[in-house]
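Written out below as structure tokens is the structure these notes cover.
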Amino acid sequence: MNRRNFLVSGTLTAGALSLTPTSVFANNNTISVSSLGKGFSKISDQIKHLSISFLPDNVIKAHQVLLQKLDEKGYSYDNSEVVKLSDHCYAIPLSKNPLIGFNSKELALLIKHNGNYKHHILNEPTAMAFNSLIENFSKSSEAHELNLDTLNFISPNEVIKESSGKESTFSYKNESGNIITLKGSSKRQVAVIS
């Protein structure tokens, strides 16, 4: 190849690379739970990061099933640990790097149901509604000088309903029996407590 062809092909390649979104070249680094938002940062001193090897067998089995689904769907995650929200719920922060567009930050939950753990994936708007619930509950508790256990309040104990579409919904009961419904769409994220 002569020098002129080399320079032309190098210039064309550099030009093509500059038009390609940087997310295409992003590495598969995992995200932390606190990077999901201020709410998760507020409870960072209450949550426990646990190695998979220290989990009960039924959680390990559910985790393996979940990892297969996550790999099929192209998620990035830390496969060596989970975040323990309660004895009934473990969380795994997720990231998805599409070829075109922005990275998404989602959340996988392993929730105990009749002695077994089942997985639920909260898409980005629903995960943001969950983050807002944590943040607002923490702020309200602090503002009224109440000593409420945020982690106990927000942790799912039983899943009631889950749906996806234009507006995703995730309803669950916490340990106190409150029903919390997380609703998320591209335009709004809301948490309703009943």
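What's counted below: heavy atoms across the whole structure, side chains too, no hydrogens, waters or symmetry copies.
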Q.
Surrounding NZ of Lys183 (heavy atoms of other residues, nucleotides or ligands, distance under 6.0 Å), is the total greater than 12?
A. no

Q: Name all residues meeting the side-chain hydrogen bond (donor to acceptor under 3.5 Å, both in side chains) criterion together with Lys105; count only those two or more places apart in sequence or in a different chain, and write none if there are none.
A: none

Q.
Hydrophobic clustering (ILVMFWY, side-chain heavy atoms < 4.5 Å, transitive) - are Leu151 and Ile193 grouped together?
A. yes

Q. Same cluster for Leu67 and Ile60 if Ile/Leu/Val/Met/Phe/Trp/Tyr side chains link at under 4.5 Å?
A. yes

Does [X] have any salt bridge (Lys or Arg N to Asp or Glu O under 4.0 Å) partners at least two apart in sequence or in another chain, and if so, which?
| X | value |
| --- | --- |
| Lys139 | Glu135 |
| Asp71 | none |
| Lys84 | Asp87 |

[X]: partners by side-chain contact (heavy atoms from CB on, under 4.5 Å), with sequence neighbours left out:
| X | result |
| --- | --- |
| Asn152 | Asp149, Glu175, Ser176 |
| Ile179 | Ile160, Lys173, Thr181, Ser194 |
| Asn136 | Ser132 |
| Thr126 | Leu122, Asn123, Ser168, Phe170, Leu182 |

Q) Could Lys73 and Glu106 be called an ion pair, given the rule that one side-chain N must be under 4.0 Å from one carboxylate O? A) no

Do [X] and [Y] come within less than 4.5 Å of each other through their side chains, counting heavy atoms only?
| X | Y | answer |
| --- | --- | --- |
| Ile52 | Val82 | yes |
| Asn157 | Ser86 | no |
| Ile154 | Asn174 | no |
| Ile121 | Leu70 | yes |
| Lys42 | Thr150 | no |

Q. Applying ring pair (Phe, Tyr, Trp, His ring centres under 6.0 Å), which residue pairs with at least one partner in residues 37-71 are found, sequence neighbours left out?
A. Phe40-Phe130

Q: Give every residue pair that meets the ring pair (Phe, Tyr, Trp, His ring centres under 6.0 Å) criterion with at least one member in residues 142-168, sequence neighbours excluded.
A: Phe137-Phe153

Q: Return yes if some donor-acceptor pair links the side-chain N/O of Asn58 with the main-chain N/O of Asn116 below 3.5 Å, else return no.
A: no

Heavy atoms only: give me the nearest [X]-[Y] pair and the separation to one decimal.
| X | Y | answer |
| --- | --- | --- |
| Pro125 | Gly184 | CB-C, 3.5 Å |
| Ser95 | Asn103 | OG-CB, 4.4 Å |
| Ile111 | Pro156 | CD1-CB, 3.7 Å |
| Pro93 | Val33 | CG-N, 3.6 Å |

**Q.** Residues that Tyr117 engages under ring-ring contact (aromatic ring centres under 6.0 Å, His included), provided they are two or more places apart
**A.** Tyr90

If you round to the nearest 0.5 Å, how far is [atom2] of [Y] from [atom1] of [X]?
| X | Y | atom1 | atom2 | result |
| --- | --- | --- | --- | --- |
| Leu94 | Glu124 | CG | CD | 11.0 Å |
| Ile92 | Tyr77 | CD1 | OH | 8.5 Å |
| Met128 | Gln189 | CE | CD | 8.0 Å |

(Q) Taking salt bridge (charged side-chain N to carboxylate O under 4.0 Å, His left out) as the cut-off, I'd like each qualifying pair that reaches into residues 152-171, sequence neighbours left out, listed once. (A) Glu167-Arg188

